[in-house]
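Throughout, a chain's letter reflects where its sequence line sits, starting with A, and its residues are numbered from 1.
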Protein chains: 2
Amino acid sequence: MDDRTAIEALSALAQEHRLRTFRMLVKEGPSGLPAGEIAARIEIAPSALSFHLSHLERAGLLRAWRVKRHVYYAVEVEGMRKLLAFLTEDCCRGRPELCGELTGWAADDARER
Amino acid sequence: MDDRTAIEALSALAQEHRLRTFRMLVKEGPSGLPAGEIAARIEIAPSALSFHLSHLERAGLLRAWRVKRHVYYAVEVEGMRKLLAFLTEDCCRGRPELCGELTGWAADDARER
DNA sequence: GACATATTTCAATTTTTCTTGAATTATTGA
DNA sequence: TCAATAATTCAAGAAAAATTGAAATATGTC
């Protein structure tokens with residue numbers, strides 16, 4: 001992932017309404033939510049939400065599909081995974097001890113499964 | 001970490017000059033670099049750099065200390081770790097398989113040590 | 001103390017991002 | 001086809017972020 005792409009993803013998450021939207025969609029899982037439902041829950045105008053959703057989609061963090069009149073949005077896991085990989089490689093590679101606790105729970109997690 | 005703090009850290013990294021500065025300082029390690037050296041390397045005005053460094057420091061991603069006439073900056077590992085924890089918990093908790101590769105290398109890493 | 005160096009602060013300007021409300025597009029069901 | 005619903009697009013304005021250059025602060029050296 002190059003810097004430009006990383007900045008697109010980071011700035012997509014670095015905004016109140018978009019971060020809340022993203023977190024909400026992580027909780028919803030792959031079935032996602034229609035735009036109108038998201039707008040109602042976070043209480044912003046539909047047109048404002050459209051603007052934010054398109055930023056998140058352009059950044060590769062959401063995907064969208066139409067069902068009847070509704071456009072559903074859900075987390076694009078691969079995009080988030082790439083962003084996390086970019087950040088962890090920058091932070092930890094060469095000095096993995098520096099992200100100890102993070103590595104810790106990931107390892108715990110792997111052990112549990 | 002609350003949303004407000006996460007947004008501060010994400011927006012700190014979501015800018016060309018700040019991301020380059022941060023990546024440069026990750027490579028430098030704990031000894032860090034003086035502000036003037038950073039400004040020279042990324043080729044921006046010292047006053048512009050000051051603005052960006054203070055954003056990164058306020059976000060908890062850098063720390064600063066003075067040595068003679070120079071002010072050194074280095075990565076604040078704990079801040080980066082907290083940001084990564086926030087993002088991975090949001091992305092993976094409840095569905096850890098979704099960040100498989102990330103978990104993968106972290107686990108490998110733990111095994112190697 | 002006087003001067004040089006390193007950095008930050010400040011005010012002004014420019015640029016970018018976000019919101020608003022109206023208009024438009026797309027889809028469905030009567 | 002017509003009306004209703006869901007969402008997006010667009011243009012205008014407001015708000016926030018970034019850059020600039022000058023001035024101020026801090027430190028070290030002679």
* Which is true for A:Ala48 with a 4.0 Å heavy-atom rule: it touches a base, it touches only sugar-phosphate, or it touches nothing? -> base

* Asked: Any side-chain N or O of B:His70 less than 4.0 Å from the OP1 or OP2 oxygen of D:dG28?
  -> no

* Pair A:Glu8 + A:Arg58, salt bridge at N-O below 4.0 Å -> yes

* Asked: OP1, OP2 of C:dA26 versus side-chain N and O of A:Lys68: anything below 4.0 Å?
  -> no

* **Position toward the 5' end of DNA chain D (nearest nucleotide), A:Arg69 or A:Ser54** => A:Arg69

* Below 4.0 Å: OP1/OP2 of C:dT17 and any side-chain N or O of A:His55 -> no

* To do: To the nearest Å, give me how far apart NE2 (B:His52) and P (D:dA18) are.
  => 6 Å

* Indicate whether OP1 or OP2 belonging to D:dA6 is found under 4.0 Å from a side-chain N or O atom of A:Tyr73. => no

* Apply salt bridge (Lys or Arg N to Asp or Glu O under 4.0 Å) to B:Arg41 and B:Glu28, showing your working. => CA-CA 13 Å; B:Arg41 289 203 199 171; B:Glu28 285 304 318; 3.3 Å; yes

* Within the pair A:Arg18 and C:dC18, is there a side-chain N or O less than 4.0 Å away from OP1 or OP2? -> yes

* Asked: Taking for each residue the nucleotide of DNA chain C bearing the nearest heavy atom, is the 5' side occupied by B:Gly36 or by A:Ile44?
  -> B:Gly36

* To do: Keeping the roles fixed (side chain from A:Thr88, backbone from A:Leu84), state whether a donor-acceptor pair exists under 3.5 Å.
  => yes

* Specify the separation, in whole Å, of atom CD of A:Glu16 and atom C1' of C:dC18. => 12 Å

* Look only at the side chain of A:Arg18 and the backbone of A:Ala12, and say whether a donor-acceptor pair between them is shorter than 3.5 Å. => yes

* Asked: Roughly how many Å is it from CH2 in A:Trp65 to C1' in C:dT27, rounded to a whole number?
  -> 18 Å

